[in-house]
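Taking it in order: structure first as structure tokens, then the write-up.
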Amino acid sequence: MSNYIKISRKLLEWGWYKDEHTKSLFLHCLLRANWKDGEFKRVVIKRGQFATSIPKLQVELELTSNEVRTAIKHLKSTGEITVRTYNKFSVFTVVKYNDYQCEPQAESQTDNSQATDKSQSINSLLTPIEEGKKKKKEKKEDKSNSGRFTPPSVGDVESYCLERGNGIDPAVFVDFYSSKGWMIGKNKMKDWKAAMRTWERKGQTRQEVTAKHDRISEVDNW
């Protein structure tokens, strides 16, 4: 609050707006006025007031003495400021300082309402985002779990062997791969049913080779 002032756009409609010297002095008064009560040379300077002098205003505004006095006369005539003169300085009062600088209650309530609505809007936006992230994480975990290999029990293997009618001993299959840590070569097994089907093919090949060997032996003996 001590570093800023408020200026309404209604200033554009102000009667002295096009009078450069008067406008300059009024804006200077708004900028120089105390935002809280203080003291200058044992004189209480209240909020909306400041102590100065004609020569000082001349330097600060780069105006002549007559230009400063004329601008003061204009602002006093329309009730923008009052001036109380002391021995070596004057106290300028911006008459409606609080109207210029105080935030109206209705405006404050509107701002607070907008801030609340904005906060609720952000929270409502964050909720589906967070839910989306949660679902995405759960989906990723489900996908990861679905690809995770679980060693089958002898009962599982037996059921699959009966389904396929391959005649493979399920206990032998489970014991064989359990001893290898369910590894196929250097890779972790991903699908034990696929491994079972490979056993079937290898078993059929061995049976074919054995049968062929037996037929050759029978011819030789004949």
Side-chain heavy-atom pair I7, L27 within 4.5 angstrom cut-off: yes

Count I, L, V, M, F, W, Y as connected when their side-chain heavy atoms are under 4.5 Å apart, and connections chain through other members. Are L75 and I5 then in the same cluster? yes

Expected output: side-chain S8 to main-chain L11 donor-acceptor under 3.5 Å: no

Does atom CZ (R197) have a neighbourhood of more than 12 heavy atoms from anything else shown, all under 6.0 Å? yes

Any link between V95 and F26 through a network of hydrophobic side chains (Ile, Leu, Val, Met, Phe, Trp, Tyr) touching at under 4.5 Å? no

Value for CZ (R47) from CG (N98), rounded to nearest 0.5 Å, stands at 4.5 Å

Give, for atom CD1 of I168 and atom CE of M196, the distance between the pair rounded to the nearest 0.5 Å. 5.0 Å

Do L31 and I45 share a hydrophobic cluster, counting only Ile, Leu, Val, Met, Phe, Trp and Tyr and linking them when any side-chain heavy atoms are less than 4.5 Å apart? no

Quick check: are there more than 12 heavy atoms from other residues, nucleotides or ligands sitting under 6.0 Å from NZ of K23? yes

Pairs touching residues 165-185 that satisfy salt bridge (Lys or Arg N to Asp or Glu O under 4.0 Å), sequence neighbours left out: none

Please collect all side-chain hydrogen bond (donor to acceptor under 3.5 Å, both in side chains) contacts where either partner lies in residues 51-60, sequence neighbours excluded, each pair once. H28-E60, R32-E60

Any Y160 side-chain heavy atom under 4.5 Å of R164 side chain: yes

Tell me which donor-acceptor pairs under 3.5 Å the side chains of residues 82-89 have, and how far apart each pair is, sequence neighbours excluded?
none

Interatomic distance, CD@E80 vs CH2@W14, rounded to 0.5 Å, equals 5.5 Å

Is there side-chain contact between W192 and P151, with at least one heavy-atom pair below 4.5 Å? no

Once the angle between the rings of W199 and F173 is folded into 0 to 90°, is it parallel (under 30°), tilted (30 to 60°) or perpendicular (over 60°)? perpendicular

Above 12 or not: heavy atoms from other molecules or residues under 6.0 Å from NZ of K96? no

Going by heavy atoms in the side chains, are M189 and M183 under 4.5 Å from each other? no

What is the minimum heavy-atom distance between P152 and W182, and which atoms define it? CD-CH2, 3.5 Å

In Å and rounded to the nearest 0.5 Å, what is the NZ to CZ distance from K76 to R69? 10.5 Å

Are the side chain of S77 and the backbone of H74 linked by a donor-acceptor contact shorter than 3.5 Å? yes

Co-membership, hydrophobic cluster, residues I184 and V172, 4.5 Å side-chain: yes

Between F40 and F50, is there a side-chain heavy-atom distance shorter than 4.5 Å? no

What distance do Y17 atom OH and T22 atom OG1 have between them, rounded to the nearest 0.5 Å? 13.5 Å

Does NZ or CZ of K190 lie under 6.0 Å from the centre of the six-membered ring of F149, at an angle within 45° of the ring axis? no

Distance col, row L25:CG vs L63:CG, nearest 0.5 angstrom, shows 8.0 Å

For residues L61 and V91: do they belong to one hydrophobic cluster (side chain heavy atoms under 4.5 Å, members Ile, Leu, Val, Met, Phe, Trp, Tyr)? no

Close side-chain approach of N34 to Q49, heavy-atom, < 4.5 Å: no

Report yes if the side chains of F92 and I72 come closer than 4.5 Å at any heavy-atom pair, otherwise no. yes

